Amino acid sequence: MTRYPDPKQVGGDFYSRNFAKNARPDTLILNLGPQHPSTHGVLRVLLELDGEYILRAEPVFGYLHRMHEKMGETKAWGQFMPNMGRVDYGHPLSWNWAYCGAVEKLAGIEVPERAEVIRVITHEMNRLTSHLLWWGAYILDLGAFTPIMYAFDDREHLLDLLQRPTASRLTYSYFRFGGVSKDLDEKFVEGTKAFIARFRQRLPMYKDLVTDNIILRKRVEDIGIIDQDMVTRYGATGPVARGAGLAYDLRVSEPFGVYDRFDFKVPTQTTCCSMGRYLVRMEEMEQSCRIIEQALEQLPGAEGPHLVKGAPKPQAKMPAGEAYFAVEGGRGKVGVYVVSDGSKIPYRVKLRAPGFSNLSCFAEACQGMLLADAVAVLGSLDLIIPEIDR
Amino acid sequence: MSIHPQLLHLIIALIAVMAWVGLNALVLVYFERKGAGFIQRRPGPFEVGPQGIIQPLVDGIKLMCKQLVMPTGADPVLFWTAPLLSMTPVLLLFLVLPYGPWLTGMQIDLGILLILAFAGINVLALLIAGWSSNNKYGLLGAARAVAQSVAYEIPLLLAVLAVAFTTGTLDFVKITEGQGPWPWQWNMVYQPLAFIIFIISAVGECNRAPFDLPEAESELTAGFHTEFSSMGFGLFFMAEYSYMVVVASVASTLFLGGYQGPFGSDGWWWYLPKVYAILMFMIWIRWTYPRVTFVQLLNINWKWLLPLGTVNLLATAFFMKLF
Amino acid sequence: MKLFDNLPIECKARADYEKTGQEWVFFFKPGVLRKAVQRLYKDGWFLEDLLALDTTDGMLLVYHFDKMSRPGRVTLKVLTSGTEPKIPTISDIYQGADWHEREVYDFHGVVFEGHPNLIPLLLPAEEDQRIEPPLLKTDKKRTGLKNLMSLYETEVCSAAVEALFTEEPAEEAPAEG
């Protein structure tokens with residue numbers, strides 16, 4: 001029996017040929033992506049299908065690879081900062097913070113209290129935009145078109161607010177070594193308070209209309225099981241780990257910045273399935289609101305400027321040494337490891353992307369499931385491809 | 001030489017139906033987009049013409065102006081047959097629908113049978129389209145389309161049969177006249193289960209969300225019509241909307257009293273609002289619910305609709321015999 | 001940190017978490033790496049990332065491990081040859097290391113022995129389009145380990161590792177002590 005279509009006749013690229021080597025003769029090899037509506041950009045997944053059941057999967061990526069690590073080795077420390085807004089368009093401020101934190105550790109820069117509180121506020125607001133983007137896009141993957149419009153409505157308000165201090169709407173480059181680039185003004189604070197009040201009313205509506213929808217529940221419950229052992233073996237973090245019952249949140253377990261001041265809880269789910277990850281993220285949005293509220297109360301009392309005096313210039317030299325700094329991004333543990341030889345230019349910048357590890361679970365988690373379920377699992381991992389490709 | 005009056009009637013009816021189908025597709029596209037806009041809290045089309053009312057027309061013109069593309073390795077004959085095969089039977093279906101007491105293209109005794117028979121041809125068109133385009137997404141979409149249509153035709157048939165039992169005829173006009181003008185005289189009241197089964201199966205039969213698996217956008221990009229461009233796609237599109245109108249018309253005739261109005265005010269002015277109410281209901285569902293998976297789709301059909309339809313039919317037969 | 005006790009450790013040092021983000025730093029020989037990683041897996045650590053560092057002393061492979069139940073990071077460092085870097089794979093212990101190793105193979109050309117599928121991950125994969133590992137340093141830029149990091153407070157340390165860091169004693173080591 002000839003395979004449809006015959007790989008010899010059609011050819012395919014390196015990965016297709018490599019994947020087809022181990023394929024059974026009576027199966028169909030499907031290229032899901034790189035240009036596919038539900039792969040969020042340019043992820044490509046090679047699937048071996050028996051009917052519509054998946055026997056084997058292999059994610060292929062690198063279509064958005066920009067070699068940020070090489071760029072880091074050719075630019076001065078401060079000049080690399082804008083790159084950090086472009087690694088992950090979903091939650092760029094976490095990358096901002098991870099890089100700034102690593103360099104601050106390396107150079108021993110103290111961050112003023114006010115800057116720390118501002119960082120928390122903007123970081124959490126950015127997490128809300130990230131989760132809203134995921135939520136709308138995920139439901140879109142599942143075939144419902146409407147929620148993304150409501151999510152973007154909320155997100156638009158947040159972006160308008162964040163635009164005031166950061167001067168950009170998507171690829172933020174707002175943090176500086178030793179603080180942030182611009183102070184928050186009164187209008188921002190008022191607007192954020194109004195937004196939180198509004199968003200508090202919207203969240204129950206989302207729960208009623210979308211989360212409790214029977215079709216959605218039947219679609220995502222009990223599929224894509226990623227349990228605690230898998231989380232450990234693959235190094236998955238963020239909502240994927242918390243959806244497996246591990247209360248691992250860097251904001252609590254390895255507090256950075258001033259997160260230890262705030263009262264919030266780490267939502268977990270023990271079902272390990274896509275619904276667990278979904279519910280964790282929905283609950284996280286509420287917790288983010290709580291953090292922002294508390295931080296806004298602390299803002300007037302926080303001392304110091306928004307940027308430390310004598311903050312390093314973009315071309316400044318950093319002392320030799322190594323430093324690792326990790327923050328809790330929207331997708332999990334965002335880590336930056338920097339090595340310096342004492343010059344103006346980093347010797348090595350290593351970016352640890354959470355999506356990279358989360359996606360590596362997919363091949364194991366999706367075996368034996370339907371094509372439609374694979375799309376649901378892929379979405380529940382909350383993938384931002386530029387972050388995975390870096 | 002004179003033309004037979006019945007033939008003349010048929011020709012005029014066919015031309016009217018063609019115009020009606022085209023117009024209907026445009027109106028429905030406009031309604032769909034405005035409805036989606038309303039549900040999603042955005043204006044929808046509003047640039048072209050007042051309230052964007054000409055938008056569907058210019059979209060159609062745009063579609064016609066596009067290039068027709070056929071992928072290499074596709075079967076040329078079948079590839080171009082498929083859209084035509086999908087569109088042509090629809091015209092026939094509109095002929096037998098009773099729009100008003102004097103507005104029926106062709107009144108025949110077996111109207112329902114004709115509709116059910118010719119509606120089945122659409123499946124063949126989808127299968128040919130998906131299979132001949134030499135595309136794996138198309139192939140998967142075609143396989144889904146066949147399994148889905150075959151499955152959902154059975155409960156549809158059972159629901160229709162239950163009505164046919166009570167009225168004792170397969171003629172649309174007679175079924176309409178068997179019901180009264182007021183809502184409590186409609187078949188919907190006597191056959192509520194059949195009505196629900198009919199509507200669900202109709203949504204499945206039309207490949208509408210949440211049962212739009214053959215063209216599931218986020219899974220199969222566009223399913224069976226992935227490779228179709230220009231009016232190849234346009235014909236599938238029109239056929240889909242026309243089938244929607246057909247099932248809504250059948251539903252309104254069988255269950256909602258058709259063209260009958262109170263105090264002898266029968267006419268299409270009662271018929272069309274009922275049809276469009278059902279269509280708006282389908283649009284509303286589409287923009288509200290997520291898509292089901294294929295397993296769930298078939299489970300709903302074989303485990304719920306089919307047994308319920310059978311029970312309903314047997315119960316109907318039992319009561320018919322009893323009274 | 002007694003996890004690696006009866007393993008041939010090259011160097012064991014406690015680092016300052018506040019300053020470097022690491023709690024313990026271990027140096028291993030390539031042959032011992034897999035045993036050490038197995039112990040980490042049994043103890044519930046997970047692999048954060050792994051990277052290579054091109055130095056004049058050779059290719060330094062850095063493995064970062066973290067634990068979900070407590071803060072603190074363990075860094076395993078393995079020094080291999082700079083011209084033909086080779087190291088045993090850990091992708092059978094931590095499946096997540098699979099892609100990390102492929103990435104390091106892409107960026108630095110480090111060969112992971114025993115890796116089941118060592119093909120390019122992010123860089124062009126077709127045989128006629130492959131490029132040189134881009135993160136390899138030029139001779140001018142490449143520098144020694146002693147200029148990049150310190151040994152921290154060592155508890156056990158072999159002479160070989162110490163020699164890497166102590167050629168210029170005034171630079172780093174005493175400052176940390």
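Excluded from the calculations below are hydrogen atoms, water molecules and symmetry mates; all remaining heavy atoms, backbone and side chain alike, are included. Since we're looking at a predicted model, the values are computed, not measured. The chains referred to below are lettered A, B, ... by the order of the sequence lines, with proteins before strands, and numbering in each begins at 1.
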Exercise. Salt bridge or not for C/Lys67 and A/Glu254, using N-O below 4.0 Å?
Worked result: no
Exercise. So, for A/Phe14 and C/Ala125, which heavy atoms are closest and what is the spacing to 0.1 Å?
Worked result: CD2-CB, 3.5 Å
Problem set entry | Contact origin within A/Asp249 toward chain C - heavy atom pairs under 4.5 Å | neither
For this session: Give, for atom CZ of C/Phe107 and atom CZ of A/Arg348, the distance between the pair rounded to the nearest 0.5 Å.
Result: 7.5 Å
For this session: Supply the atom-to-atom distance A/Ser340 OG to C/Met149 CE, rounded to the nearest 0.5 angstrom.
Result: 10.5 Å
Exercise. If you look at every heavy atom in A/Tyr15 and C/Leu121, which pair is closest and at what distance?
Worked result: OH-O, 3.7 Å
Exercise. Using non-hydrogen atoms only, which part of A/Met67 is less than 4.5 Å away from chain C: side chain, backbone, both, or neither?
Worked result: side chain
For this session: Measure distances from A/Ser343 to the heavy atoms of chain C and classify the residue's part below 4.5 Å as side chain, backbone, both or neither.
Result: neither
Seminar exercise, completed: Scored by heavy-atom pairs under 4.5 Å with chain A, the best of C/Thr143, C/Asp98, C/Asp54 is C/Thr143
Seminar exercise, completed: On a heavy-atom basis, the closest approach of A/Pro346 and C/Lys137 is O-NZ, 4.5 Å
Exercise. Between CD of C/Gln129 and CG of A/Asp13, what distance do you get to the nearest 0.5 Å?
Worked result: 9.5 Å
Exercise. Just wondering, more than 12 heavy atoms not from A/Lys75 lying within 6.0 Å of its NZ?
Worked result: yes
Seminar exercise, completed: chain C shares the most heavy-atom pairs under 4.5 Å, among A/Glu104, A/Glu69, A/Arg352, with A/Arg352
Problem set entry | Straight-line distance of A/Asp229 CG to C/Tyr41 OH, nearest 0.5 Å | 4.0 Å
Problem set entry | A/Lys350/C/Glu103 ion pair, N-O < 4.0 Å | yes
Exercise. Distance from C/Asp16 atom CG to A/Lys105 atom NZ, nearest 0.5 Å?
Worked result: 9.0 Å
Exercise. Counting only heavy atoms not in C/Gln38, do more than 12 sit closer than 6.0 Å to its CD atom?
Worked result: yes
Exercise. Can a donor-acceptor pair be found between the side chains of C/Asp49 and A/Tyr324 at a distance below 3.5 Å?
Worked result: yes
For this session: Assess whether atom CD of C/Glu132 is packed by more than 12 heavy atoms of other residues, nucleotides or ligands within 6.0 Å.
Result: no
Seminar exercise, completed: Ranked by heavy-atom pairs below 4.5 Å to chain A, first place among C/Tyr94, C/Phe65, C/Phe46, C/Trp45 goes to C/Phe46
For this session: Sort C/Pro124 into side chain, backbone, both or neither according to what part of it lies under 4.5 angstrom from a heavy atom of chain A.
Result: neither
Exercise. At their closest point, which heavy atom of A/Lys70 faces which heavy atom of C/Pro134, and how far apart are they?
Worked result: NZ-O, 3.0 Å
Exercise. Non-hydrogen atoms of chain C under 4.5 Å away: do they reach the side chain of A/Ala236, the backbone, both or neither?
Worked result: backbone
Exercise. Can you tell me how far CG of A/Leu250 sits from CE of C/Met68, rounded to the nearest 0.5 angstrom?
Worked result: 9.5 Å
Exercise. Is the cationic atom of C/Lys141 (NZ for Lys, CZ for Arg) positioned less than 6.0 Å from the six-membered ring centroid of A/Tyr347 and within 45 degrees of its normal?
Worked result: no
Exercise. So is C/Arg73 actually on top of A/Tyr337's ring, under 6.0 Å and inside 45° of the axis?
Worked result: no
Exercise. When heavy-atom pairs shorter than 4.5 Å are enumerated against chain C, which of A/Pro319, A/Ala247, A/Pro59, A/Gly342 gives the highest number?
Worked result: A/Pro59
For this session: Taking the side chain as every heavy atom from C-beta outward, state whether C/Glu48 and A/Ser357 have any atom pair closer than 4.5 Å.
Result: no
Exercise. So which part of C/Leu50 gets closer than 4.5 Å to some heavy atom of chain A, the side chain, the backbone, both or neither?
Worked result: backbone
For this session: Check each atom of C/His64 against the heavy atoms of chain A and say whether the ones under 4.5 Å are side chain, backbone, both or neither.
Result: side chain
Exercise. Checking A/Thr232 against chain C: side chain, backbone, both or neither under 4.5 Å from a heavy atom?
Worked result: both
Seminar exercise, completed: Here the pair of heavy atoms bringing C/Leu122 nearest to A/Ile388 is CD2-O, 4.4 Å
Exercise. Got a donor-acceptor contact below 3.5 angstrom from the A/Arg233 side chain to the C/Gly96 backbone?
Worked result: no
Exercise. Counting only heavy atoms not in C/Glu127, do more than 12 fall under 6.0 Å of its CD?
Worked result: yes
Exercise. Is C/Lys19 salt-bridged to A/Glu322, cutoff N-O under 4.0 Å?
Worked result: no
For this session: Check whether any side-chain heavy atom of A/Tyr234 sits under 4.5 Å from a side-chain heavy atom of C/Leu47, and report yes or no.
Result: no
Exercise. Most heavy-atom pairs under 4.5 angstrom with chain A, which of C/Leu123, C/Ile93, C/Leu53?
Worked result: C/Leu53
